[in-house]
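Have a look at the structure below before the remarks.
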Amino acid sequence: METKLTPPPTRDQILALSCTNVGVGPGGTTAMLARVAVVDYKGEVVLDTFVAPTMEVSDYRTTTTGIEPSHLLSPEIPSFDRVQQHVADLIKGKIIVGHSLWHDLSVLGIAHPAVATRDVALYQPFKNALRSPNQVVGLQTLMWHLMRRRCQDGHLHPVENSRAALDLYRTVAPQWEGEVSVGNWPCSLPPSSFSRCYL
């Protein structure tokens, strides 16, 4: 019996996504969306916006995020609901590329079809190349070891992170999509506690 091939996605079907979070609740340990970026296959910015907080921020995580209170408290900053709807509209029917996408989808409160995600944190050949088959490898580590490029040297920046994930994906896109086209899934599964983030 002949295997039915699924055609690979076209470039305009692919977007990369990354979020930056601040902390809420006791000790600021719960993540809340503060900034989100979406770039297209060429790395051009489709969306890059701060997000108005829905709760009181207890930790801006400024040393890693670069986010100060003034970034989120301006009256021009769009509401979470508005940004959530905008991102949901942008990624609907698209393949989304990113690193640890379950974190991004979780803070956005958006579920996306698992088969329409390309998560470089879960791509098994990357993990095997770094001899970490059962661990999630950080984006900074992946970029340095696989592309000899630095990222996240200063503050976390969602545009830089989404472009970095996209660059990693593009280096292996033919192989990755080749596996998917014949019904193989070349990635490990995201943490089960985030299953609500996937359709």
Side-chain angles (χ1 to χ4, degrees), residues 16-39 45 47-88 90-91 96-112 114 117 119-123 126-127 130 132-145 150-165 168 187-199:
L17 168 73
S18 182
C19 296
T20 302
N21 305 319
V22 290
V24 297
T29 54
T30 301
M32 181 176 68
L33 181 67
R35 187 174 183 180
V36 58
V38 177
V39 302
V45 176
L47 175 70
D48 178 20
T49 183
F50 289 104
V51 184
T54 54
M55 295 172 63
E56 185 179 347
V57 178
S58 47
D59 184 359
Y60 283 88
R61 304 175 180 176
T62 306
T63 52
T64 54
T65 66
I67 294 173
E68 306 272 0
S70 58
H71 289 121
L72 304 184
L73 300 177
S74 163
E76 288 84 46
I77 301 298
S79 69
F80 172 82
D81 290 345
R82 193 168 137 210
V83 173
Q84 181 190 48
Q85 189 58 58
H86 190 169
V87 173
L90 283 173
I91 68 174
I96 56 170
V97 176
H99 181 277
S100 300
L101 280 166
W102 60 91
H103 288 304
D104 300 319
L105 294 171
S106 177
V107 294
L108 282 161
I110 297 172
H112 197 71
T117 61
D119 197 324
V120 297
L122 300 176
Y123 186 57
F126 286 166
K127 294 165 75 169
L130 271 70
S132 300
N134 302 313
Q135 294 179 320
V136 171
V137 180
L139 182 59
Q140 197 171 23
T141 303
L142 287 170
M143 285 301 288
W144 178 247
H145 286 279
R150 296 191 182 282
C151 77
Q152 300 177 346
D153 263 0
H155 294 131
L156 296 177
H157 195 294
V159 172
E160 181 192 19
N161 287 357
S162 42
R163 285 174 175 158
L168 284 164
C187 299
S188 54
L189 295 175
S192 57
S193 55
F194 287 89
S195 58
R196 68 188 182 284
C197 300
Y198 299 93
L199 301 171

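Here the structure is a predicted model, which means the values were calculated and not measured. Computed over heavy atoms, backbone and side chain alike; hydrogens, waters and symmetry mates excluded.
- Side chain to side chain, Ser18 and Arg163 fail the donor-acceptor criterion of an N or O pair below 3.5 Å.
- At least one donor-acceptor pair closer than 3.5 Å links the side chain of Arg61 to the backbone N or O of Gly28.
- In this structure, the separation between CD1 on Ile96 and CG on Leu90 is 11.0 Å, given to the nearest 0.5 Å.
- Contact detail for Thr62 and Ile67: the closest heavy-atom pair is OG1-O, 2.7 Å.
- Remark: Gln84 CD to Leu33 CG distance equals 9.5 Å, nearest 0.5 Å.
- Of the inter-residue distances, the one linking Gln85 atom CD with Ser79 atom OG reads 10.5 Å to the nearest 0.5 angstrom.
- Each of Leu168, Leu139, Val137, Asn161 was checked for a side chain to side chain contact (heavy atoms under 4.5 Å, CB included) with His99, and the lone residue meeting it is Leu139.
- Using the six-membered ring where Trp is involved, Phe50 and His71 have ring planes that are parallel, under 30° apart on the 30 and 60° scheme.
- Taking each heavy atom of Ala121 and Trp102 in turn, the nearest pair found is CB-CH2, 4.4 Å.
- Ser132 places a side-chain N or O within donor-acceptor distance of the main-chain N or O of Leu130, the cut-off being under 3.5 Å.
- Proximity of the aromatic rings of His145 and Phe126 is defined here by a centroid distance below 6.0 angstrom, and this criterion is not met.
- A distance-only check finds a donor-acceptor pair linking the side chain of Ser58 to the backbone of Gly25 [under 3.5 Å].
- Remark: the backbone N or O of Cys19 is not paired with any side-chain donor or acceptor of His103 at under 3.5 angstrom.
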Check: Given the rule in the side-chain hydrogen bond (donor to acceptor under 3.5 Å, both in side chains) test, do Glu68 and Ser70 qualify, once you have shown the distances and angles that lead to the verdict?
Finding: CA-CA 5 Å; Glu68 306 272 0; Ser70 58; 6.0 Å; no

Margin query: Test side chain to side chain contact (heavy atoms under 4.5 Å, CB included) on Leu73 and Ile77; report intermediate values, then the result.
Written below: CA-CA 7 Å; Leu73 300 177; Ile77 301 298; over 6 Å; no

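- You'll find the side chain of Asp48 reaches within 4.5 Å of the side chain of His157, heavy atoms only.
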Next item on the list: For side chain to side chain contact (heavy atoms under 4.5 Å, CB included), just list the numbers for Leu189 and Leu122, CA-CA rounded to whole Å, side-chain angles, deciding distance to a tenth of an Å, and then say yes or no.
Entry: CA-CA 7 Å; Leu189 295 175; Leu122 300 176; over 6 Å; no

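- When side chains are defined from C-beta on, Ser100 counts as touching Val136, because their heavy atoms get closer than 4.5 Å.
- A donor-acceptor pair is defined here as one N or O able to donate and one able to accept, closer than 3.5 Å; such a pair exists between the side chain of Asp119 and the backbone of Leu101.
- Leu72 and Ala34 get closest at one heavy-atom pair: CD2-O, 3.5 Å.
- Rounding to the nearest 0.5 Å gives a distance of 8.5 Å between SG of Cys187 and NZ of Lys127.
- Among the candidates Val51, Thr54, Asn21, Val107, the single residue satisfying the side chain to side chain contact (heavy atoms under 4.5 Å, CB included) test with Met32 is Thr54.
- Counting all heavy atoms, side chain and backbone alike, Ser162 lies closest to Pro158 at OG-O, 2.7 Å.
- Atom CZ in Phe194 sits 10.0 Å away from atom CG in Leu105 (nearest 0.5 Å).
- To the nearest 0.5 Å, atoms CG (Leu17) and CG (Asp104) are separated by 5.0 Å.
- A donor-acceptor pair under 3.5 Å links the side-chain atoms of Thr65 to the main chain of Tyr60, judged by distance alone.
- By the 6.0 Å contact criterion, CZ on Arg82 is open, its count of non-hydrogen atoms from other residues, nucleotides or ligands being 12 or less.
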